[in-house]
Chemist: 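Encoded as C-alpha cells, here's the structure I'll be asking about.
Because only heavy atoms are used, hydrogens play no part in the values below, and waters and symmetry mates are left out as well, while side chains stay in.
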Amino acid sequence: MDILEAIKTRKSIRDFKPDPVPQELLEKILDIAIRAPSGVNKQPWEFAILSGSVLEKVKEKNVEMFHSGQKGQSFGSGIDRESAYRRRQVDLAKQLFGLMDIAREDKEKRIKWTERGFYYFNAPAAIFLLTDESLPLERVLLDIGAAMQTICLGALAHDLGTCIEGQGVMYQNVLREYGDIPANKQIITAIAIGYPNWSFPANDIETPRESLENITFWRGFD
Ligand SMILES: Cc1cc2nc3c(=O)[nH]c(=O)nc-3n(C[C@H](O)[C@H](O)[C@H](O)COP(=O)(O)O)c2cc1C
C-alpha cells in the first residue's frame with residue numbers, strides 16, 4: 001500500500017474478527033515501527049504484546065474493576081468545556097453513538113459501550129507501549145507517539161486494523177498482575193489490533209479534521 005494511501009485510510013477500528021494475529025506478523029509490524037525517529041535516537045519505547053488466555057484474563061479483570069467502581073488511571077482529556085477541543089470530543093461521541101444507535105439517556109447501552117473498550121473491542125491481541133521508569137514522560141512521549149502511529153500504519157499493510165486506547169491502560173495493576181508487565185516500566189497506552197469486522201457499525205466512522213487554514217501560521221510565502 002502506498003504511504004499516502006495508508007495515512008489516509010488508517011482509522012480507529014472498534015470491533016475485530018476473532019481470528020488470531022500470528023506472533024510473527026506482530027513481530028514484523030513492531031520491527032518496522034521501531035524505525036520511527038526519536039530524539040537523540042534514544043528509542044525509549046518498549047512493548048508488551050498480549051494475546052490468547054493472557055489477554056482474555058486482562059479483559060475480564062478490566063471489566064470486573066469497572067463494575068466494582070474502581071477509579072483506575074484517568075484517561076479523560078482534561079479539556080476546557082468551552083474549547084474547540086471539547087467540541088471535537090463531543091462530536092466524536094455523537095458520531096460513534098449515532099452509528100451504534102446509543103441514545104444519550106440509554107445508560108445500559110452506554111455501559112455496554114464502555115465495557116467494549118475494556119475488552120479491547122474484541123481484539124485478539126493488544127500491544128502495550130511502555131517506557132522505562134527512569135525516563136521522564138515529557139521527554140519520551142513524542143518519540144513513543146511516532147512509534148505508535150507507525151504501528152498503526154504498518155498494521156494496514158497486513159490488512160490489520162488498530163485502535164489506540166487510553167482506556168486500555170486504565171487499570172494498570174491488572175496489566176501488571178495478569179499481563180506480567182514489569183514494575184519498572186511505565187505503561188503509556190494500548191493499541192488493540194486485529195482483523196477488522198467491517199460489518200460493525202462503528203467501523204464505518206470517518207472522523208473529520210479541522211481545516212488547515214484554521215491551524216496554520218504561514219509566514220514569508222508572499
Ligand atoms: C492517545 C490516544 C488515545 C486514544 N484512546 C482511545 C480510547 O480510549 N478509546 C477509543 O475508542 N479511541 C481512542 N483513541 C482513538 C481516537 O478517538 C481517534 O484516533 C480519533 O477519534 C480520530 O479518529 P481516527 O483514529 O478514526 O482517525 C485514542 C487515540 C489516541 C491518539
Side-chain angles (χ1 to χ4, degrees), residues 1-36 45 47-60 62-63 75 88-89 91-102 109 112-130 144-170 175 179 187-209:
M1 185 188 276
D2 168 71
I3 187 167
L4 298 182
E5 188 60 23
I7 294 167
K8 268 204 280 190
T9 51
R10 187 218 53 82
K11 62 168 167 173
S12 296
I13 295 300
R14 295 186 176 87
D15 194 51
F16 297 87
K17 294 179 184 160
D19 312 49
V21 185
Q23 181 173 348
E24 309 77 66
L25 194 47
L26 292 167
E27 272 174 15
K28 253 190 195 167
I29 292 165
L30 290 173
D31 209 31
I32 288 284
I34 58 175
R35 296 304 310 166
W45 42 67
F47 310 97
I49 306 97
L50 308 190
S51 188
S53 59
V54 176
L55 184 60
E56 287 314 306
K57 193 76 188 167
V58 166
K59 291 176 180 180
E60 185 193 309
N62 274 342
V63 173
F75 73 100
R88 293 177 198 143
Q89 181 185 18
D91 286 349
L92 171 68
K94 280 187 185 160
Q95 226 185 326
L96 280 171
F97 287 178
L99 285 165
M100 293 303 299
D101 198 23
I102 302 175
K109 275 194 182 174
K112 284 272 167 237
W113 179 258
T114 306
E115 276 182 3
R116 294 186 65 82
F118 289 123
Y119 284 121
Y120 303 96
F121 301 113
N122 299 324
I127 299 171
F128 295 86
L129 275 55
L130 316 175
I144 291 173
M148 180 180 83
Q149 166 78 338
T150 315
I151 290 172
C152 297
L153 294 177
L156 284 179
H158 302 282
D159 297 323
L160 290 162
T162 52
C163 187
I164 301 158
E165 252 203 282
Q167 184 186 354
V169 299
M170 204 169 149
L175 294 170
I187 307 173
I188 315 288
T189 198
I191 305 179
I193 185 163
Y195 297 97
N197 171 10
W198 289 116
S199 60
F200 188 71
N203 287 345
D204 286 342
I205 196 160
E206 294 293 342
T207 51
R209 294 295 185 269

Chemist: With a 4.5 Å heavy-atom cut-off, do Trp45 and Leu129 have their side chains touching?
Modeler: no
Chemist: Where is the tightest heavy-atom contact between Asp19 and Pro124, given as atom of each residue plus distance?
Modeler: O-CG, 3.3 Å
Chemist: Do you know which two heavy atoms are closest between Leu55 and Leu50, and how far apart they sit?
Modeler: CD2-O, 3.8 Å
Chemist: Output yes when a side-chain donor or acceptor of Thr162 lies under 3.5 Å from a complementary backbone atom of Ile193, and no otherwise.
Modeler: no
Chemist: So does Lys11 have more than 12 non-hydrogen atoms from other groups sitting under 6.0 Å from NZ?
Modeler: yes
Chemist: Does Thr9 have any side chain to side chain donor-acceptor pair (under 3.5 Å) partners at least two apart in sequence or in another chain, and if so, which?
Modeler: none
Chemist: Which pair of non-hydrogen atoms, one from Cys163 and one from Ile13, has the smallest distance, and what is that distance?
Modeler: CB-O, 3.1 Å
Chemist: For Lys94, is the NZ atom crowded, meaning more than 12 foreign heavy atoms sit under 6.0 Å from it?
Modeler: no
Chemist: Between Ile188 and Val169, what is the shortest heavy-atom contact and its length?
Modeler: O-CG2, 3.7 Å
Chemist: Taking Asp15 for its side chain and Asn203 for its backbone only, find out whether a donor-acceptor pair lies under 3.5 Å.
Modeler: no
Chemist: For atom CD of Gln23, is the number of surrounding heavy atoms from other residues, nucleotides or ligands below 6.0 Å larger than 12?
Modeler: no
Chemist: Please answer whether the main-chain N or O of Ala190 pairs with a side-chain N or O of Gln167 as donor and acceptor at a distance below 3.5 Å.
Modeler: no
Chemist: Given 3.5 Å as the limit, does a donor-acceptor pair link the side chain of Glu165 with the main chain of Ala192, or not?
Modeler: no
Chemist: For the residue pair Phe200 and Trp113, does the interplanar ring angle fall in the parallel (under 30°), tilted (30 to 60°) or perpendicular (over 60°) class?
Modeler: parallel
Chemist: Under 6.0 Å from the CD1 atom of Ile32, do we count more than 12 heavy atoms belonging to anything else shown?
Modeler: no
Chemist: Report yes or no: does Lys59 contribute a side-chain atom to a donor-acceptor pair with the main-chain N or O of Ala123 at less than 3.5 Å?
Modeler: yes
Chemist: Checking Lys109 side chain against Phe97 main chain: does a donor-acceptor pair fall under 3.5 Å?
Modeler: no
Chemist: Nearest 0.5 Å, what's the NZ-CG distance between Lys28 and Leu26?
Modeler: 11.5 Å
Chemist: Taking all non-hydrogen atoms of both residues, which atom of Phe16 and which atom of Phe121 are closest, and how far apart?
Modeler: CD1-O, 3.1 Å
Chemist: Using side-chain heavy atoms (C-beta onward) and a distance below 4.5 Å, is Ile7 in contact with Ile3?
Modeler: yes
Chemist: So, does Arg116 use its side chain to make a donor-acceptor pair with the main chain of Arg14 at under 3.5 Å?
Modeler: yes
